[in-house]
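Not measured: the values here are computed from a predicted model.
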Amino acid sequence: MAFTDQQYQEIEALRNQSTTTRRVTSPALEEILYEPIPILDHGFIRVIDYMGDDASIVQAARVSYGKGTKKVNEDQGLINYLMRHRHTTPFEMCEIKYHVKLPIFVARQWIRHRTASVNEYSGRYSILDNEFYLPEAEHLAAQSRNNRQGRGTVLQGEQAIQVMKLLQEDATKSYEHYAEMLNEDLEGNPTDASQDGLARELARMNLSLNFYTQWYWKINLHNLMHFLSLRADSHAQYEIRVYAEAMLETMRKWVPLTYEAFVAYRQKSVSLSAGGIDVVKKMLQGQKVTQENSNLSKREWQELMAVLEMKG
């Protein structure tokens, strides 16, 4: 994660300012406001702004005029109820805004979540940084043999060295060509006054997907939890999961009661089909149930057995 001295000074200036407000604040989140949280080799997230807290969710659910005199355990009970029964509107009353620096290929997965407001760094107006993502050796894995969108065993020996070499050489060369086509330095001055540079909006197309981009990403709490339920899951691609896990920690600081409910009723819970529930009922009654007589597909049966931690 690379910041210029000026960028660090700007961050410190923001963190040192203090504003009086009548709005609710989250003390734990205030402690890390604007602060970069490093992710991958050059990436980060920063919480830039937020609105609301756990009490705001409770207030919206009760349609009251203030925090009221309810106890914390009663607020937790209501939030648990809302989460358990998927009454989502009160969670939509809270919002959070992040500054995210991430590889372009991660951004292309991320942008599929279309419920946020996004403003991305423009390669048409600005020169992109010479920063690209290279996986750690432990994450340089072969294609999974049984999952078309997953990884298998980690590459070893000469093959791993060669793959890493190709990744680095290709990214380095593509940026060299990008800079050559632009024919300008980072300040916009021509490097060869006798030639015109290619337009920035065209030169950028030569860069590989492991180069970093940045954006501001604002989302309400309900949609954030949907994002986290998918991207902080163990099945998500590592490179987006580490961002989601860092954001999950900011959520814990921001709305701790909602975080506890989210973990209990969304992240660590499972959803069963009618057929799956029927199988569980029969098992509880002592009946012998197999995949063949369960009316479940082989894949759903395996998933159910994995949830129940049984062999099948």
Side-chain angles (χ1 to χ4, degrees), residues 1-4 6-17 25-53 91 94-123 126 128-129 131-136 139 209-256 258-259 262-263 266-267:
M1 182 181 65
F3 283 97
T4 64
Q6 181 180 351
Q7 288 171 328
Y8 273 118
Q9 290 171 9
E10 291 173 355
I11 291 171
E12 282 305 305
L14 288 169
R15 286 182 51 77
N16 289 331
Q17 72 182 12
T25 60
S26 176
L29 194 58
E30 289 286 324
E31 285 297 314
I32 64 166
L33 200 62
Y34 307 120
E35 187 174 293
I37 300 170
I39 300 172
L40 300 180
D41 48 1
H42 300 295
F44 63 76
I45 65 167
R46 296 196 299 145
V47 177
I48 299 299
D49 199 3
Y50 67 97
M51 180 180 74
D53 64 357
F91 298 112
C94 294
E95 293 191 338
I96 192 166
K97 179 165 62 178
Y98 294 96
H99 177 195
V100 186
K101 183 176 181 182
L102 67 172
I104 294 171
F105 74 92
V106 176
R108 295 303 157 255
Q109 289 187 46
W110 195 313
I111 203 66
R112 292 178 61 82
H113 297 269
R114 300 181 297 273
T115 52
S117 299
V118 185
N119 192 41
E120 186 173 2
Y121 186 88
S122 175
S126 305
L128 298 169
D129 293 330
E131 291 183 318
F132 49 86
Y133 168 66
L134 291 176
E136 296 288 340
H139 299 297
L209 293 178
N210 62 337
F211 275 85
Y212 277 83
T213 185
Q214 301 184 43
W215 62 32
Y216 270 41
W217 193 73
K218 181 175 72 70
I219 194 167
N220 69 46
L221 179 55
H222 163 58
N223 287 315
L224 174 65
M225 289 189 290
H226 179 68
F227 173 86
L228 295 176
S229 68
L230 296 173
R231 301 305 185 178
D233 185 85
S234 60
H235 297 93
Q237 181 171 342
Y238 167 77
E239 283 81 8
I240 195 169
R241 189 172 73 245
V242 288
Y243 282 90
E245 288 170 348
M247 295 166 75
L248 188 61
E249 177 61 17
T250 66
M251 177 186 165
R252 185 186 66 81
K253 294 178 181 294
W254 175 30
V255 281
T258 302
Y259 168 84
F262 171 75
V263 171
R266 295 286 294 280
Q267 195 178 37

Item to complete: Report, as yes or no, whether the 6.0 Å neighbourhood of atom CD on Glu136 holds more than 12 heavy atoms from other residues, nucleotides or ligands.
Response: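 No, CD of Glu136 has 12 or fewer neighbouring heavy atoms, counting only those of other groups under 6.0 Å.
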Is there side-chain contact between [X] and [Y], with at least one heavy-atom pair below 4.5 Å?
X	Y	answer
Asn119	Trp215	no
Leu230	His226	yes
Phe262	Val255	no
Trp217	Ile48	no

Worksheet item: Who are the side-chain contact (heavy atoms from CB on, under 4.5 Å) partners of Gln237, not counting sequence neighbours?
Response: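 With sequence neighbours excluded, Gln237 shows a side-chain contact (heavy atoms from CB on, under 4.5 Å) to Phe105, Gln109, Arg151, Glu239, Ile240, given in chain and number order.
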Item to complete: Sequence neighbours left out, what passes side-chain contact (heavy atoms from CB on, under 4.5 Å) with Ser117? Give chain and number order.
Response: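 Result, side-chain contact (heavy atoms from CB on, under 4.5 Å) vs Ser117: Lys218.
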Worksheet item: salt bridge (Lys or Arg N to Asp or Glu O under 4.0 Å): which pairs involve residues 105-115, sequence neighbours left out?
Response: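 As it turns out, the salt bridge (Lys or Arg N to Asp or Glu O under 4.0 Å) pairs with a partner in residues 105-115, which skip direct neighbours, are Arg108-Glu120.
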Discussion item. With salt bridge (Lys or Arg N to Asp or Glu O under 4.0 Å) as the rule and sequence neighbours excluded, what pairs involving residues 225-238 come up?
Written reply: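 Residue pairs passing salt bridge (Lys or Arg N to Asp or Glu O under 4.0 Å), neighbours aside: none found.
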Worksheet item: Would you say the side-chain atoms of Glu30 and Tyr50 include a donor-acceptor pair closer than 3.5 Å?
Response: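 Per modelled atom types, Glu30 and Tyr50 side chains form a pair under 3.5 Å.
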For the residue pair [X] and [Y], what are the closest heavy atoms and their distance?
X	Y	answer
Asp49	Leu33	N-CD1, 4.3 Å
Phe91	Thr258	CE2-CG2, 3.6 Å
Gly123	Leu128	CA-CD2, 4.2 Å
Ile219	Leu224	CD1-N, 3.7 Å
Tyr238	Leu40	CE2-CD2, 3.9 Å

Tell me if a side-chain donor or acceptor on [X] pairs with a main-chain N or O of [Y] at a distance below 3.5 Å.
X	Y	answer
Asn210	Phe132	no
Ser26	Lys253	yes
Trp254	Gly52	yes

Under 3.5 Å, which donor-acceptor pairs link side chains of residues 241-251 to any protein atom two or more places apart or in another chain?
{"from": "Arg241", "atom 1": "NH1", "to": "Ala236", "atom 2": "O", "distance (Å)": "2.8"}
{"from": "Tyr243", "atom 1": "OH", "to": "Lys101", "atom 2": "O", "distance (Å)": "2.6"}
{"from": "Glu249", "atom 1": "OE1", "to": "Arg252", "atom 2": "NE", "distance (Å)": "3.0"}
{"from": "Glu249", "atom 1": "OE2", "to": "Arg252", "atom 2": "NE", "distance (Å)": "3.1"}
{"from": "Glu249", "atom 1": "OE2", "to": "Arg252", "atom 2": "NH2", "distance (Å)": "2.4"}
{"from": "Thr250", "atom 1": "OG1", "to": "Tyr98", "atom 2": "OH", "distance (Å)": "2.7"}
{"from": "Thr250", "atom 1": "OG1", "to": "Met247", "atom 2": "O", "distance (Å)": "2.5"}

Worksheet item: Going from CG on Leu221 to CG on Leu228, what distance comes out if it is rounded to the nearest 0.5 angstrom?
Response: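 Going from CG on Leu221 over to CG on Leu228, the span is 9.0 Å.
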Worksheet item: With sequence neighbours left out, what residues match His99 under ring pair (Phe, Tyr, Trp, His ring centres under 6.0 Å)?
Response: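 Partners of His99 by the ring pair (Phe, Tyr, Trp, His ring centres under 6.0 Å) criterion, ordered by chain and then number, come out as Phe44, Tyr216.
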Worksheet item: Going by the angle between their ring planes, with limits at 30° and 60°, are Tyr133 and Tyr212 parallel, tilted or perpendicular?
Response: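 Ring orientation, 0 to 90° scale: perpendicular.
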